[in-house]
Amino acid sequence: LRILRDEGGHFVFNIIKDKEGAAEDIMGPVQPSDDMVSRFLMMLDISWDDTTSAMGALREISIADSAVLFEDRKMGGRWKASAVNVVLSRGRTGLTGNATMDLETGDRKAALQFNVYRDAASHNSHVIALFEGLNPHQLSGQSLALEKLAGIDMAFSGSVEVKFDGNLFP
């Protein structure tokens with residue numbers, strides 16, 4: 001999975017093929033029209049009772065032992081997460097999901113967990129991110145905006161909560 005936050009703060013999600021872990025080779029130009037995951041979420045927003053399509057009958061999606069590439073053009077950084085496991089479940093009121101992964105930060109990894117809810121009626125999303133072992137010093141070299149964190153060399157644990165509108169704007 002590739003996640004891009006553009007200069008305006010809009011999130012674009014896409015599925016890509018990994019070229020032997022060479023994240024630099026596959027981080028080419030992305031346009032908002034390339035947002036395959038957002039289009040997929042819109043397809044899942046169809047009525048729960050719609051039995052005329054395969055998407056109407058879909059109840060759960062699982063992804064096991066994958067990778068996520070994240071490019072933040074607003075802050076100027078790139079990150080990779082490995083050991084990614086995702087489960088999305090579709091119900092009458094919307095989608096719920098859980099994802100776990102190891103964020104690669106220099107020579108260490110930080111454990112991340114995301115709990116997601118997307119409301120079927122409003123299309124708004126609510127994400128809670130939990131992290132453990134996140135060291136700001138390890139992140140400081142991966143983005144110019146994070147350089148000021150270089151002096152903080154200790155592991156943190158905590159959570160962040162973000163709400164997105166139907167267009168995936170925070």
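Position 1 is the first residue of the sequence; numbering continues from there.
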**Message:** So does G151 get a backbone contact from the side chain of H137, meaning a donor-acceptor N/O pair under 3.5 Å?
**Reply:** no
**Request:** Mind listing the closest non-hydrogen atom pair of A67 and K80 along with its distance?
**Result:** CB-CE, 4.2 Å
**Asked** With a 4.5 Å heavy-atom cut-off, do T96 and L88 have their side chains touching?
**Response** no
**Item:** side-chain hydrogen bond (donor to acceptor under 3.5 Å, both in side chains) evaluation trace for N135 with D153
**Value:** CA-CA 6 Å; N135 187 323; D153 192 7; 2.9 Å; yes
**Request:** Check step by step if side-chain contact (heavy atoms from CB on, under 4.5 Å) holds for L4 and F70.
**Result:** CA-CA 6 Å; L4 167 73; F70 179 68; over 6 Å; no
**Asked** Sequence neighbours excluded, which residues qualify as side-chain hydrogen bond (donor to acceptor under 3.5 Å, both in side chains) partners of N115?
**Response** N98, Q113
**Asked** Okay, side chain of R78, backbone of E71: is any donor-acceptor separation there less than 3.5 Å?
**Response** no
**Item:** Partner set under side-chain contact (heavy atoms from CB on, under 4.5 Å) for A129, not counting sequence neighbours
**Value:** F114
**Message:** Please give me the minimum heavy-atom distance between M75 and A145, naming the atom from each residue.
**Reply:** O-CB, 3.7 Å
**Asked** Can you name the side-chain contact (heavy atoms from CB on, under 4.5 Å) partners of E60, sequence neighbours left out?
**Response** S62, V87, S89
Can you give the donor-acceptor pairs under 3.5 Å from side chains of residues 99-111 to other protein atoms, not counting sequence neighbours?
from: E104; atom 1: OE2; to: S82; atom 2: OG; distance (Å): 3.4
from: T105; atom 1: OG1; to: R108; atom 2: O; distance (Å): 3.3
from: D107; atom 1: OD1; to: Q138; atom 2: NE2; distance (Å): 3.4

**Prompt:** Would D6 and R73 pass as an ion pair if we require N to O under 4.0 Å?
**Reply:** no
**Prompt:** How about T93 and Y117: do any of their side-chain heavy atoms sit closer than 4.5 Å?
**Reply:** yes
**Prompt:** Are the side chains of H126 and N124 in touch, meaning some heavy atoms are under 4.5 Å apart?
**Reply:** no
**Message:** Using every non-hydrogen atom in the two residues, find where S157 and G133 come nearest and quote the distance to one decimal.
**Reply:** OG-N, 3.8 Å
**Message:** To check you understand the geometry: which heavy-atom pair defines the closest contact between D65 and A83, and what is its length?
**Reply:** OD1-CA, 3.7 Å
**Request:** With sequence neighbours excluded, tell me which residues meet side-chain hydrogen bond (donor to acceptor under 3.5 Å, both in side chains) with E7.
**Result:** none
**Message:** Between I152 and W79, is there shared hydrophobic-cluster membership here, with clusters defined by ILVMFWY side-chain heavy atoms closer than 4.5 Å?
**Reply:** yes
**Item:** Close side-chain approach of F131 to V160, heavy-atom, < 4.5 Å
**Value:** yes
**Message:** Test of understanding: with ring pair (Phe, Tyr, Trp, His ring centres under 6.0 Å), list the residues that count as partners of F156, not counting sequence neighbours.
**Reply:** none
